Amino acid sequence: MRILVMGAGKMGSFFLDLLSFEHETAVYEKAPERLRFTFNTLRFTSMKEIEEFKPELVINAVTVKNTITAFEEVIPHLPEDCIISDIASVKTGLKDFYTQCGRRYVSTHPMFGPTFANLNQLSQENAIIISEGDYMGRIFFKDLYSRLGLSIYEYTFEEHDKTVAYSLSIPFVSTFVFAAVMKHQDAPGTTFKRHLDTAKGVMGEDDYLLQEILFNPYTSGQVERIRTELKDLLDIIERKDEAGMKAYLGKIRANVKANS
């Protein structure tokens, strides 16, 4: 299959490495310096090159902010039967875009990223495939993700957004709060250092990505849950309620066990 990857960032390069030995691959990147380390793939910097390549599948791996813009730029230069796809962690506006453009499409979300995941060992990671996409496109990504050992879930766009609001906004907001109140420690403990490493990783993400995850319409409900839990915990602390603290710790240990 002729596959065009848009964007030679970390995830774009990951997909190129993954696909280039079994498919005819090409990458389109506006920043030529990013193409220096691409291997075993064609390197494009113009739409004319894409037209001549005639891709059968496009994987849009540009930043979340530019996903739709990149599609709008490349679609006029694609064959009519080419499947377009995205791997965006935020699907805001994509369902409407796909409906309006009239193209075959598939939308997926590898639930891992280069910040924390070991891209060479993904057997403990997950991926979401949007069920509203093209059948053959979904089969392609299902096979690809299965070979990586990922656990695969098929959700609608709405179900995906609800999942992201839970699985990303809660740890992100918790990290924000930690980072907002922390002070320099000359002799930090192990737990503090681990939280700090997590904070550094989260804050290394693109600002627009963080913003869009938090502006997800389902995020505010999750943040409200955090506020409620903090209020209950503060009440226990202020009253020095030993029985209440024991019960609270039991509850959260059960939650940790259930999600392990």
Side-chain angles (χ1 to χ4, degrees), residues 1-20 22-23 25-28 55-71 74-75 78 81-99 101 103-168 205-206 208-209 212-213 216 218:
M1 180 184 287
R2 291 186 305 279
I3 300 174
L4 172 69
V5 174
M6 300 188 70
K10 291 180 180 178
M11 288 304 289
S13 297
F14 168 72
F15 274 91
L16 287 168
D17 289 344
L18 196 62
L19 297 167
S20 62
E22 296 182 13
H23 301 274
T25 60
V27 57
Y28 173 73
E56 299 168 85
L57 171 68
V58 170
I59 300 176
N60 190 337
V62 304
T63 57
V64 170
K65 183 178 182 179
N66 297 315
T67 300
I68 291 178
T69 301
F71 273 141
V74 76
I75 282 177
L78 301 177
D81 60 349
C82 178
I83 300 173
I84 59 175
S85 71
D86 76 271
I87 57 169
S89 53
V90 176
K91 305 296 185 186
T92 305
L94 279 170
K95 182 177 181 179
D96 290 339
F97 173 79
Y98 284 133
T99 300
C101 79
R103 287 274 182 165
R104 297 170 65 194
Y105 76 89
V106 57
S107 184
T108 76
H109 180 185
M111 298 287 285
F112 56 87
T115 301
F116 294 113
N118 179 357
L119 298 182
N120 295 313
Q121 179 54 261
L122 297 171
S123 60
Q124 302 300 314
E125 304 293 345
N126 304 309
I128 293 174
I129 298 176
I130 302 300
S131 59
E132 291 134 304
D134 178 82
Y135 175 75
M136 293 306 297
R138 286 187 283 125
I139 291 296
F140 174 86
F141 279 97
K142 194 169 188 177
D143 176 67
L144 179 64
Y145 292 153
S146 293
R147 287 191 282 118
L148 290 173
L150 299 172
S151 296
I152 302 168
Y153 301 88
E154 292 201 43
Y155 293 160
T156 64
F157 277 106
E158 182 178 12
E159 289 168 338
H160 168 271
D161 288 349
K162 288 180 178 179
T163 298
V164 168
Y166 173 77
S167 65
L168 292 184
E205 298 285 1
D206 178 75
Y208 185 84
L209 171 64
E212 289 304 292
I213 287 172
N216 179 324
Y218 300 103

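These figures come from a predicted structure and were not determined experimentally. Below, each value reflects all heavy atoms present in this structure, side chains not excepted, and no hydrogens, waters or symmetry copies. Residues take their numbers from the sequence shown, with the count starting at 1.
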- [ ] Return yes if some donor-acceptor pair links the side-chain N/O of Lys91 with the main-chain N/O of Thr108 below 3.5 Å, else return no.
- [x] yes
Open item on the list: Using the side chain to side chain contact (heavy atoms under 4.5 Å, CB included) criterion, which residues pair with Asp206? Sequence neighbours excluded.
Closed with: Tyr208, Leu209
- [ ] Identify the heavy atoms of Ile75 and Arg103 that sit nearest to each other, and give their distance.
- [x] O-NH2, 3.2 Å
Task: Backbone N/O of Arg2 and side chain of Glu56: donor-acceptor pair under 3.5 Å - done: yes
- [ ] Kindly assign one of parallel, tilted or perpendicular to the pair Phe14 and Phe112, based on the angle between their ring planes and the thresholds 30° and 60°.
- [x] perpendicular
TODO: Return each pair, listed once, that meets side chain to side chain donor-acceptor pair (under 3.5 Å) where at least one residue sits in residues 57-67; pairs must be two or more places apart or across chains.
DONE: Thr63-Asn66
Task: Residues in side chain to side chain donor-acceptor pair (under 3.5 Å) contact with Asp81, at least two apart in sequence or another chain - done: none
TODO: Could you tell me which residues satisfy ring-ring contact (aromatic ring centres under 6.0 Å, His included) with Phe157, sequence neighbours excluded, listed by chain and number?
DONE: none
Task: Counterpart residues, side chain to side chain donor-acceptor pair (under 3.5 Å), relative to Ser123 (two or more places apart) - done: Gln121
Task: For Tyr145, ring-ring contact (aromatic ring centres under 6.0 Å, His included) partners two or more places apart - done: Phe141
Open item on the list: How long is the straight-line distance from CD1 of Ile130 back to CG of Asp161, given to the nearest 0.5 Å?
Closed with: 7.5 Å
Task: Residue pair Ile84 / Val74, side-chain heavy-atom distance below 4.5 Å - done: no
Open item on the list: Going by ring-ring contact (aromatic ring centres under 6.0 Å, His included), name the residues that satisfy it together with Tyr105, two or more places apart in sequence or in a different chain.
Closed with: Tyr98
Open item on the list: Just to verify, what does Phe15 make a ring-ring contact (aromatic ring centres under 6.0 Å, His included) with, not counting sequence neighbours?
Closed with: none
Open item on the list: Run the side chain to side chain donor-acceptor pair (under 3.5 Å) test against Glu132 and tell me which residues pass, sequence neighbours left out.
Closed with: Lys95
- [ ] Output every pair passing salt bridge (charged side-chain N to carboxylate O under 4.0 Å, His left out) with a member in residues 145-154, not counting sequence neighbours, ordered by first then second residue.
- [x] Glu22-Arg147, Arg138-Glu154, Lys142-Glu154, Asp143-Arg147
TODO: Would you check if the side chain of Ser85 reaches a backbone N or O of Ser107 as a donor-acceptor pair within less than 3.5 Å?
DONE: no
Open item on the list: Restricting to side chain to side chain donor-acceptor pair (under 3.5 Å), what partner residues turn up for Asn216, sequence neighbours left out?
Closed with: none
Open item on the list: Applying side chain to side chain contact (heavy atoms under 4.5 Å, CB included), can you list everything that pairs with Glu159, at least two apart in sequence or on another chain?
Closed with: Tyr155, Thr156
